[in-house]
2 protein chains.
Amino acid sequence: MGRSTQSKSSSNKPRQVRDAEATKAQILDAATEEFAKHGLSGARTEAIASGSGVTKAMIYYYFESKEKLYQAVLHRLDFPINDMIRETNLDNLPPEEALKEVIQAAIAYRVQHPHLGMILFQEANQNQGKFYKQTNWQEGFEQVINILERGMAEGCFRSVDPFLTAIHIAAVCTFYFDAYENLKYAKPDLDLRSPEMIEQYTQQAINLILAGVRFNTQQ
Amino acid sequence: MGRSTQSKSSSNKPRQVRDAEATKAQILDAATEEFAKHGLSGARTEAIASGSGVTKAMIYYYFESKEKLYQAVLHRLDFPINDMIRETNLDNLPPEEALKEVIQAAIAYRVQHPHLGMILFQEANQNQGKFYKQTNWQEGFEQVINILERGMAEGCFRSVDPFLTAIHIAAVCTFYFDAYENLKYAKPDLDLRSPEMIEQYTQQAINLILAGVRFNTQQ
DNA sequence: GTCTATAATACGATAGAC
DNA sequence: GTCTATCGTATTATAGAC
């Protein structure tokens, strides 16, 4: 039957205000959420329109087509995290510290961009990463691999496969958010998105990964 | 424009063979793949029909509606892994061994059911776990938590939050498969689905998790 | 049990007024 | 820059022949 469009607390702001950048941003926000939920093919332009408080026609006015809008969403999510990671100047930190920083940054970014993970999964499974290729997500990945290799060379990390271990680290940083709606049923009394839980989750992730890669002779 | 239906190597078997169970199974197989890619709302009944080599009408004949078919798919994926885990009789194994067995079983199950992860993610994000609640996935989760608690009590695991650590273990066991289509671009020369890579991935996962939770005084 | 044909609606995209 | 109205097609679901 198709899902009920119409929904969402369609922002009842008086539109007709002619602010191009604001409108574009509203569309992108709503589109990000819609594409995360349903992927490129499953997303409904009407849902994006009502979610952003504008009409469908605006989407085509600014973005030409659903596919172009999708690419714009991907592109907007692309760079900030790499910048974040670059800023902390990881090469100057000892490998353990660098790894901790990356994990913290990745999780913090995920808190700010809750839809990122599902967008990437939709992209992988629906479009076989066709659009993903055009993005720069690889970069963050390479960073982690570098840290792992440096840690092994310096003797503070045990011998691991850096590529597979980087995948595992990415897994730990993203799964919590992507599976949230299912996980919440396991502990109905807990608010998994509260700052306290996120903080605990971050700590547990760091502890697990660092203990997992550390070369343990002493202690 | 919608995506191009029509596709898929529509099994050119001569139909009209009247084998109810076989037809149902074919529909469920194709539906599993389609729902994994597009979720409940995004899935196209025509794609499921052509993917299973029958007509749309058959889907409604056997499953009444798209939503009922979706629930049937979820239900079919539900039990086997819990059985698998139960069979190995984890309570009789030392915690480290038990954890290793669970990780191996989970990954092996994922190899056999490549669409499981995305189905669960779609379910979480598209339907807020509405249908997930009716399944028994919690059970496997509890098993891992039990092992972790037992390991801590016996002093072979360090002090971890068992719930969050179980989430991290689940993450490591599923992310590799769910992100496959994106990950493959990072190492184009590698076949991430080859038995050798899966074996390496499994070993790395076990090593990382065990090292991550082990209480390390010696060695 | 399986198919073809079709009804009813949903959806992507555009035209044209303001 | 924004809206309403609408076109053409895609899609769910059903009716009815075989």
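In what follows, chains are A, B, ... by sequence order, proteins preceding strands, each numbered from 1. Just so it is clear, the structure is predicted and the values come from calculations on it, not from any experiment.
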Salt bridge or not for B:Lys24 and B:Asp19, using N-O below 4.0 Å?
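So B:Lys24 does not pair with B:Asp19 through a salt bridge.
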Taking 4.0 angstrom as the limit, do B:Glu97 and B:Arg150 come out as a salt bridge?
no
Would you classify B:Ala57 as touching base, sugar-phosphate or nothing, given that sugar-phosphate means primed atoms plus P, OP1 and OP2, and contacts are heavy atoms under 4.0 Å?
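Base: the residue B:Ala57, judged by heavy atoms under 4.0 Å, touches a nucleobase.
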Please check the phosphate of [N] (OP1 and OP2 only) for any side-chain N or O of [X] closer than 4.0 Å.
X       : N      : result
A:Thr45 : C:dC11 : no
B:Thr23 : C:dT2  : yes
A:Tyr60 : C:dT14 : no
B:Arg44 : D:dT12 : yes
A:Thr55 : D:dT2  : no

Length of the line joining [X]:[atom1] and [N]:[atom2], which is rounded to integer Å:
X       : N      : atom1 : atom2 : value
A:Tyr61 : C:dC18 : OH    : P     : 18 Å
B:Lys66 : D:dA13 : NZ    : P     : 7 Å
A:Met58 : C:dT14 : CE    : C1'   : 12 Å
A:Tyr62 : C:dA13 : OH    : P     : 19 Å
B:Lys68 : D:dT14 : NZ    : P     : 11 Å
A:Glu46 : C:dT9  : CD    : P     : 17 Å

Is there a donor in the side chain of A:Gln204 and an acceptor in the side chain of B:His168, or the other way round, less than 3.5 Å apart?
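Judged by distance alone, the side chains do not pair up.
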State whether a side-chain donor-acceptor pair under 3.5 Å links B:Glu123 with B:Tyr70.
yes
